[in-house]
Every structure is written in C-alpha cells, then in structure tokens.
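By convention here, the first residue in the shown sequence is residue 1.
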Amino acid sequence: MQRCLQRQTRFNALKRLVVFVMLGLSLGMNPLTAQSLRWLGVLDRRSIAYDVSFDGSVVVGAAPVVFYNQELDHAFYWTARTGIRDIGYGTARGVSSDGTVVVGEVYGQGFHWTESGGQQLICVRGMDVSADGSVVVGVANGRATRWAAATGCQDLGTLGGAFSYAYGVSADGAVIVGNASTTSEHTHAFRWTAATGMQDLGTLGGNYSVAYGVSADGSVVVGAAWNASAQTRAFRWTAATGMQDLGAFDPGLYTAYAVSADGSVVVGAASVSSRWRAFRWTATGGMEDLNVTYACLLLAEGCGSELLRAQAISPNGRFIVGEGYNGRTRRVEAFLLDTGRCHVEGDVNGDGVVDDADLLIVLFNFGRRCN
C-alpha cells in the first residue's frame with residue numbers, strides 16, 4: 001500500500017510538472033497583450049482616422065494640408081513602419097481587411113488606391129469597401145451606389161424620395177447600409193440586398209435616421225436616429241429586435257459609426273456638454289466613455305489628451321481608430337487604440353479563438369490583480 005501511495009505521489013508531481021511546462025510554453029507562444037494608445041501624427045496641422053485593417057497594422061484617414069492659405073484634404077495611409085503617408089488629395093474612408101486596398105473621395109469623385117496602382121478615380125465617392133477590396137459603396141449623382149470592377153456602378157434606388165447615400169458594406173459586399181429620403185420627405189436608415197432591395201429600418205420615434213456600419217454577415221446595423229424628442233441617439237438594429245437605443249453614459253447626442261464583425265461591439269461619438277467623447281458599447285458593458293475606460297493610457301500621453309470620436313473598429317473588435325486631442329503635441333490627431341483584447345468572450349490572448357491556450361493563461365494568472 002505504501003509503495004502504491006509513493007507511486008501515486010510521484011505521478012501527481014509529474015502531472016503538475018507537465019502542466020507547468022505546458023503553461024510556460026503557452027505563455028511563450030501567446031503572451032498577454034498590453035493595452036496601448038498611439039497617436040498617428042499629421043501631414044500638416046491635424047488628422048482623423050476613418051478605418052483600420054483587421055490586425056490594426058494599417059490605418060487610413062484624412063490629414064488636411066495648407067497650400068497658399070487654403071486647407072486641402074489629403075488622404076493618408078499609416079503603418080508602424082512607415083508612419084503617416086500622403087497618398088494623394090482627398091479623404092480615405094475605407095480599407096480592405098488586409099490593408100491593401102483603400103477607397104475614398106476627392107473633389108466630388110471617388111478613388112480606389114493600391115500600392116502598385118496608386119490612386120485611380122472611380123464612379124462612386126467611396127465610403128466603405130468589402131473585406132477583399134472588390135466592392136466599393138458610396139454615392140454617385142446623389143444616389144446610393146455600389147461599385148465593382150467587373151460591373152461598374154449600380155444605383156441602389158431610394159425609399160421613395162429623391163436621394164440616398166450608402167455608408168457601409170458587409171464583408172462579402174452583399175449587404176449595404178446608409179440612409180435615403182422617403183415619400184414623406186423624411187430621411188430613414190436603410191439596409192439593401194439584391195434580393196430585397198432597399199429596406200426602411202425606421203427611426204427611434206423621430207423623422208430621421210442614418211446607418212453607418214454593418215456587421216460582417218450583414219445582420220447587425222448601427223447608426224444614429226432621432227427619438228421622439230428629436231435627440232440624436234446611437235442605435236443597433238437586427239431583424240429580430242428592430243432598432244434599439246444604445247443608451248448613454250451622460251446626457252447628450254450619440255452617433256454609432258462602426259461595429260465589429262460579429263456585431264457585438266459598437267463604437268462612435270457623443271456630444272456631451274458641448275464636448276466630443278468617443279464611446280464603445282457592448283451588451284455586457286453597456287455604453288462606456290473611452291476616456292474613462294482608458295484614463296491611465298491618456299494620462300501617460302500628456303495632460304489634456306482626449307479621445308473625441310471613435311470612427312471605426314477592426315473586425316475582431318480589438319483596435320479602435322478615430323480622432324483625439326494629443327496633449328503632448330497640442331494637436332487634434334488620428335489615434336489607434338489597442339484595447340488589448342478580442343471581443344469574443346473568453347479569448348484571453350486576442351487571437352480570435354477561444355481554445356486551450358486561453359484556459360492555460362487564465363489558470364496561470366488566476367488570483368492576480370491589476371496594480
């Protein structure tokens with residue numbers, strides 16, 4: 001009996017050693033990701049970021065340049081290696097998932113940009129692009145328009161009125177969202193597919209709404225709508241729930257600009273007491289002021305640093321970009337916020353998958369506290 005107990009003790013010790021080694025290997029391969037805030041700089045005086053690639057390595061936007069006392073918008077393309085780069089006149093609004101295709105608008109026209117081809121004019125003022133860069137959506141001649149290289153521009157129609165605008169597109173280019181005039185001369189958010197045409201998403205009780213973002217599969221739509229008191233509120237729409245008010249952290253006007261690929265994380269901007277505040281919304285956390293959530297990062301970036309508008313979020317829900325005030329440089333600049341986590345509950349290492357590596361990290365760090 002004593003010998004069996006000794007054997008069992010040695011076996012248990014060996015198991016603990018194996019687990020410890022596995023933990024060490026797991027942590028070596030999947031290190032805990034730190035949160036970070038990076039200011040992307042300017043081409044002249046200020047800048048704003050409008051979109052970000054899947055892995056946060058590419059950010060695009062606009063950075064005005066003064067020329068002969070006239071301020072002209074220049075599109076920018078940013079990577080950590082190159083910094084902020086001028087890619088021509090205009091505003092870069094969207095970037096493909098891998099960061100290789102940029103779309104935007106310049107002097108009332110649209111452009112499609114790649115590293116090899118440069119800036120090429122297209123028939124639609126580009127507001128967003130599909131994940132693979134093949135479909136561009138925006139507006140042409142006052143109407144919501146879909147563009148693809150093979151088919152050219154397609155007019156998406158209206159809701160019975162005279163005009164429409166497209167602002168967002170699903171990953172595969174099949175679902176498009178925006179807003180359009182109705183027969184009653186109101187303006188409502190819409191969701192468009194080839195099969196259903198333009199669907200009116202309604203409002204929150206007022207006569208105005210606009211859809212800016214859509215999830216990867218097109219099932220979740222976000223934007224802004226007037227309520228019965230004509231206050232602008234951020235909304236999240238699904239076929240099952242309809243248009244839902246996302247609430248507020250302080251009294252003010254709220255607009256949702258973008259949503260993660262699975263529809264679970266929404267970002268935007270709130271005008272609170274005449275000041276802009278970037279926000280993030282989740283079903284579990286509700287509406288949160290990013291300036292409060294990431295106060296420590298902002299404090300480290302200089303006195304007075306603020307996140308003003310959150311314009312986009314990476315498909316995996318980890319990276320947020322937009323416009324903020326850099327306290328060190330005293331300029332309004334584009335920012336890249338790495339939240340240090342993926343939006344998938346339980347995805348500790350932020351690789352987009354909940355697996356054994358996440359479990360091992362949790363076990364190894366069980367009981368630890370943030371200082």
Quick one, [X] and [Y] - any side-chain contact, counting heavy atoms below 4.5 Å?
X: L37; Y: F335; answer: yes
X: E71; Y: R46; answer: yes
X: T232; Y: Y254; answer: no
X: T339; Y: Q35; answer: no
X: D98; Y: F54; answer: no
X: D51; Y: R93; answer: no
X: V272; Y: F249; answer: yes
X: R330; Y: Y325; answer: yes

Which atom names give the shortest non-hydrogen contact between [X] and [Y], and what distance separates them?
X: S305; Y: N326; answer: OG-C, 3.9 Å
X: S170; Y: D172; answer: OG-OD1, 2.9 Å
X: A312; Y: A258; answer: CA-CB, 3.7 Å
X: A189; Y: S209; answer: N-OG, 2.7 Å
X: A334; Y: F76; answer: CB-CZ, 3.9 Å
X: S53; Y: S314; answer: O-CB, 3.5 Å

Counting N and O atoms only, with roles assigned by atom type, does the side chain of [X] sit under 3.5 Å from a partner on the main chain of [Y], one being a donor and the other an acceptor?
X: R280; Y: T293; answer: no
X: S164; Y: G157; answer: yes
X: S96; Y: V101; answer: yes
X: D217; Y: S219; answer: yes
X: S271; Y: S274; answer: no
X: D338; Y: S36; answer: no
X: S181; Y: E185; answer: no
X: D128; Y: V169; answer: yes
X: T158; Y: G160; answer: yes
X: R146; Y: G173; answer: yes

Taking only residues two or more places apart in sequence, or in another chain, which ones meet D44 in a side chain to side chain donor-acceptor pair (under 3.5 Å)? none
Output all residues satisfying salt bridge (Lys or Arg N to Asp or Glu O under 4.0 Å) with [X], sequence neighbours left out; order by chain, then residue number.
X: E301; answer: none
X: R275; answer: E306
X: R191; answer: none
X: D73; answer: none

Quick check for you: to the nearest 0.5 Å, what is the distance between [X] atom [atom1] and [Y] atom [atom2]?
X: T193; Y: Q199; atom1: OG1; atom2: CD; result: 8.0 Å
X: R125; Y: T145; atom1: CZ; atom2: OG1; result: 10.5 Å
X: D200; Y: N179; atom1: CG; atom2: CG; result: 10.5 Å

Side-chain ion pair, E333 and R38, N-O less than 4.0 Å: no
Any salt bridge between E288 and R277, counting N to O under 4.0 Å? no
Members other than [X] in its cluster, when Ile, Leu, Val, Met, Phe, Trp, Tyr link by side-chain heavy atoms under 4.5 Å?
X: W276; answer: L308
X: I48; answer: Y50
X: V106; answer: V58, V60, F67, Y68, L72, Y77, I87, Y89, V95, V102, Y107, F111, W113, L121
X: Y165; answer: M127, V139, F163, Y167, Y208, V210, Y212, W226, Y257

Cluster link V59 to L43, ILVMFWY, side chain under 4.5 Å: yes
Y294 reachable from W39 in the ILVMFWY side-chain graph, under 4.5 Å edges: yes
Under the rule for ring pair (Phe, Tyr, Trp, His ring centres under 6.0 Å), what residues qualify as partners of H112, not counting sequence neighbours? W147
Does any pair with a residue in residues 41-121 pass disulfide (SG to SG under 2.5 Å), and if so which ones, sequence neighbours excluded? none
For residues 112-206, which residue pairs qualify under disulfide (SG to SG under 2.5 Å), counting only residues two or more places apart or in two chains? C123-C153
